[in-house]
Amino acid sequence: MSTSFQNIKGTFDILPDAYTDDGGTRIAPSAEWRYVERTVRDVMQRYNLDEIRTPVLEPTELVARGVGEATDIVQKEMFAFERAGTQYVLRPEVTAPVVRSFLQHHLDQRGGVQKLFYIGPCFRAEQPQKGRYRQFHQFGIEILGTDDARADAETIAIMMAVYDELGIPDTRLRINTLGTPDRRDAYVEALRDYLTPYADDLSDTSRRRLERNPLRVLDTKLDHEQEILADAPTLLDYVNEESRAHYDRVQRLLSDLGVEYVEDPHLVRGLDYYTETTFELESPALGAQSALAGGGRYDRLAEVLGSDEPVPAIGFAAGMERLFLALDAADADRPGSPEPDVFIAALGEEAEAWVFRTTQELRAAGLQVALDLKGRSLKAQMREANRQNAPYTLIIGDNELEAEEATVKEMESGEQVDVPFGELRDVLLDRTGRDGAQVA
RNA sequence: GUGGGCGUAGCUCAGUCGGUUAGAGCGCCAGGUUGUGGUCCUGGAGGUCGUGGGUUCAAAUCCCACCGUUCACCCCA
């Protein structure tokens, strides 16, 4: 079997089994995705967040305004198209859509602070590489309607709790404050003034950044550039007193919660909407894309999207693909695919009919039941039962129909017992430990 | 957009100073057991050797182009 089609570059299929792509990256099986998603939801629930689901398709203008015209995302990474006069974009991130939804549906009228989480795919037309895809999956939260430092600290704590819960050690949390836009602009000027004399010593990329977005020069990994930056003015010197006090409070609260972090005055964010507190979680195990998650405050975004009053807010976004990379590196425990409680093998047409009917009843009773759907030999059915790791196999043939007793084989020991049809359901529920509740 | 790596069976890979009908392991299917899996034995299916062109008596192997993919830069989750 074959096809000339294949999945779009930068996307990947999530299959029942794990596999490795051509670059050697392990693509986790669907059961692991379910496990990670379930864990994320569990953590979110404990922190008392509600889920929000927004469309994958958004108006292009929302993203352009919300994320920022000057950003790489808007300039060259949007999957955007026009149809019947409407400009669509596949969302490249979820914060702008959530704020749009918050404003559109007047969620502030629910009262209090809105604490929302999301999980879902995003799209960016970048060159794919390890840990970076064109369709990727993010989860994250947004806390809207408060500028309290506790919201900042709680956002970070929630982020950390997810990685903690999943058993990913050795992460590093860096934090910084960007202050208010006016002070940041003043700082950018100061930084440019400081760096310009060194322009000849800077790398091509840093020189380009100096032109376009001086803050990004702070990102440099080159040692000699770091030396130049050592004496550069820092953002912290430029932020106003309120920003400074807010930042101090956030740090105190983090310490109270036992969250370890390092201050990084060079931490800046790529998206325009960030203000005040900003943070990033990275893992040394990840390679070039070391950022597991990142976020910060975006107190002005609502107004950028047309709100007549400000909505102070903070959130984080995390990459699922990178989370899996970290999970692999940490060799963290993950559950496998759920295996059937029982496989029912049928011999002959009459038995097949009985099995087909009985399977349905046992499933209704809460058992995970497997059976053959193509009339294969008993040998083949047993092989299938073994492959699926079913602890029990029922064998139903003419003999069993005659006696109205099922042959129940315990696969590990190989022992077989006869169980009257009437007791089958209860015996199986008892033996497999299912209580008739839902299947995971 | 720029640079490097890699494309042979479902998977992992051998095979390349050009030379019968392109191989192995695993997996899959079947038989050995006309009603019994996991071990073992036997057999089988499965390949446009990424695509196209060129060189040659002869190309998976040499040359060129293209395509795909991957890693990195850039940027970000």
Side-chain angles (χ1 to χ4, degrees), chain A residues 1-2 4-12 15 17-25 67 70-77 92-95 120-140 159 203-206 208-209 212-213 216 219-221 268-271 280-283 286-295 315-326 343 345-348 351 374 376-400 407-416:
Chain A
M1 281 177 271
S2 65
S4 56
F5 295 110
Q6 60 179 319
N7 63 293
I8 295 288
K9 176 194 183 82
T11 69
F12 57 92
L15 305 177
D17 294 318
Y19 66 99
T20 54
D21 68 20
D22 291 344
T25 299
V67 176
T71 60
D72 277 12
I73 290 179
V74 171
Q75 298 241 311
K76 51 187 184 188
E77 296 171 3
E93 51 96 61
V94 189
T95 299
C122 295
F123 305 83
R124 293 181 197 174
E126 298 179 279
Q127 282 306 318
Q129 56 187 274
K130 195 177 184 65
R132 198 173 79 182
Y133 298 88
R134 288 184 168 180
Q135 174 174 343
F136 57 105
H137 301 78
Q138 287 196 340
F139 65 90
M159 180 178 80
S203 62
D204 288 348
T205 58
S206 286
R208 212 177 318 123
R209 287 166 166 178
R212 281 208 328 237
N213 189 353
R216 299 225 64 89
D219 274 349
T220 184
K221 286 152 194 149
V268 292
R269 313 247 78 230
L271 281 52
E280 190 166 303
L281 186 69
E282 56 181 15
S283 163
L286 259 54
Q289 271 65 238
S290 63
L292 277 173
F316 77 80
M320 298 269 284
E321 288 76 10
R322 293 177 190 185
L323 192 158
F324 275 108
L325 250 25
F343 187 101
L347 279 151
K374 55 191 276 191
R376 304 208 289 173
S377 69
L378 179 61
K379 183 187 176 88
Q381 293 184 65
M382 294 299 293
R383 194 162 48 230
E384 183 65 25
N386 190 67
R387 178 170 29 232
Q388 295 196 29
N389 243 315
Y392 295 96
T393 298
L394 261 52
I395 297 166
I396 308 295
D398 292 340
N399 301 344
E400 285 77 8
T407 299
V408 177
K409 177 168 186 167
E410 188 189 5
M411 295 300 272
E412 191 169 331
S413 66
E415 285 169 15
Q416 298 190 177

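Predicted model only: the values in this text are computed from it and were never measured. We name chains A, B, ... by the order of the sequence lines, and we start the count at 1 in each one.
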Could I get the full list of side chain to side chain contact (heavy atoms under 4.5 Å, CB included) partners for A:Asn389, not counting sequence neighbours? A:Glu339
Distance, rounded to the nearest Å, where A:Arg387 contributes CZ and B:G27 contributes P: 10 Å
Quiz item: A:Glu126 side-chain donor-acceptor pair to B:A77 base, under 3.5 Å: yes
What residues form a ring pair (Phe, Tyr, Trp, His ring centres under 6.0 Å) with A:Phe324, not counting sequence neighbours? A:Trp33
According to the salt bridge (Lys or Arg N to Asp or Glu O under 4.0 Å) rule, which pairs have a member within residues 384-394 of chain A, sequence neighbours left out? A:Arg376-A:Glu384, A:Glu384-A:Arg387
Excluding sequence neighbours, so at least two apart, what forms salt bridge (Lys or Arg N to Asp or Glu O under 4.0 Å) with A:Glu280? A:Arg174, A:Arg269
Could you give me the stems involving RNA chain B, meaning stretches of three or more consecutive Watson-Crick or G-U wobble pairs whose two defining distances are both below 3.5 Å? B:1-7 with B:67-73, B:10-13 with B:23-26, B:28-32 with B:40-44, B:50-54 with B:62-66
Can you tabulate the close N/O pairs, meaning under 3.5 Å, that link protein atoms to atoms of nucleotides 69-72 of chain B?
from	atom 1	to	atom 2	distance (Å)
B:U69	O2'	A:Asp22	OD2	2.9
B:C71	OP1	A:Thr25	OG1	3.4
B:C71	OP1	A:Lys130	N	3.2
B:C71	OP2	A:Lys130	N	3.1
B:C71	O5'	A:Lys130	N	3.3
B:A72	OP2	A:Gln129	OE1	3.1
B:A72	OP2	A:Lys130	N	3.2

Sequence-distant partners of A:Asp22, side chain to side chain contact (heavy atoms under 4.5 Å, CB included), two or more places apart: none
Sequence neighbours excluded, which residues qualify as side chain to side chain contact (heavy atoms under 4.5 Å, CB included) partners of A:Lys9? A:Gln127, A:Pro128, A:Arg134
side-chain hydrogen bond (donor to acceptor under 3.5 Å, both in side chains) against A:Ser377, all qualifying residues, sequence neighbours excluded: none
Any N or O donor-acceptor pair linking the side chain of A:Gln416 to the base of B:U36 at under 3.5 Å? yes
So, using side chain to side chain contact (heavy atoms under 4.5 Å, CB included) as the criterion, who are the partners of A:Gln129 when residues are at least two apart? A:Arg132, A:Ala288, A:Gln289
Under 3.5 Å, N/O pairs linking protein and nucleotides 38-40 of chain B:
from	atom 1	to	atom 2	distance (Å)
B:G38	O4'	A:Asn386	OD1	3.4
B:G38	O4'	A:Asn386	ND2	2.8
B:G38	N2	A:Glu412	O	3.3

Taking side-chain hydrogen bond (donor to acceptor under 3.5 Å, both in side chains) as the test, write out the residues that go with A:Gln416, two or more places apart. none
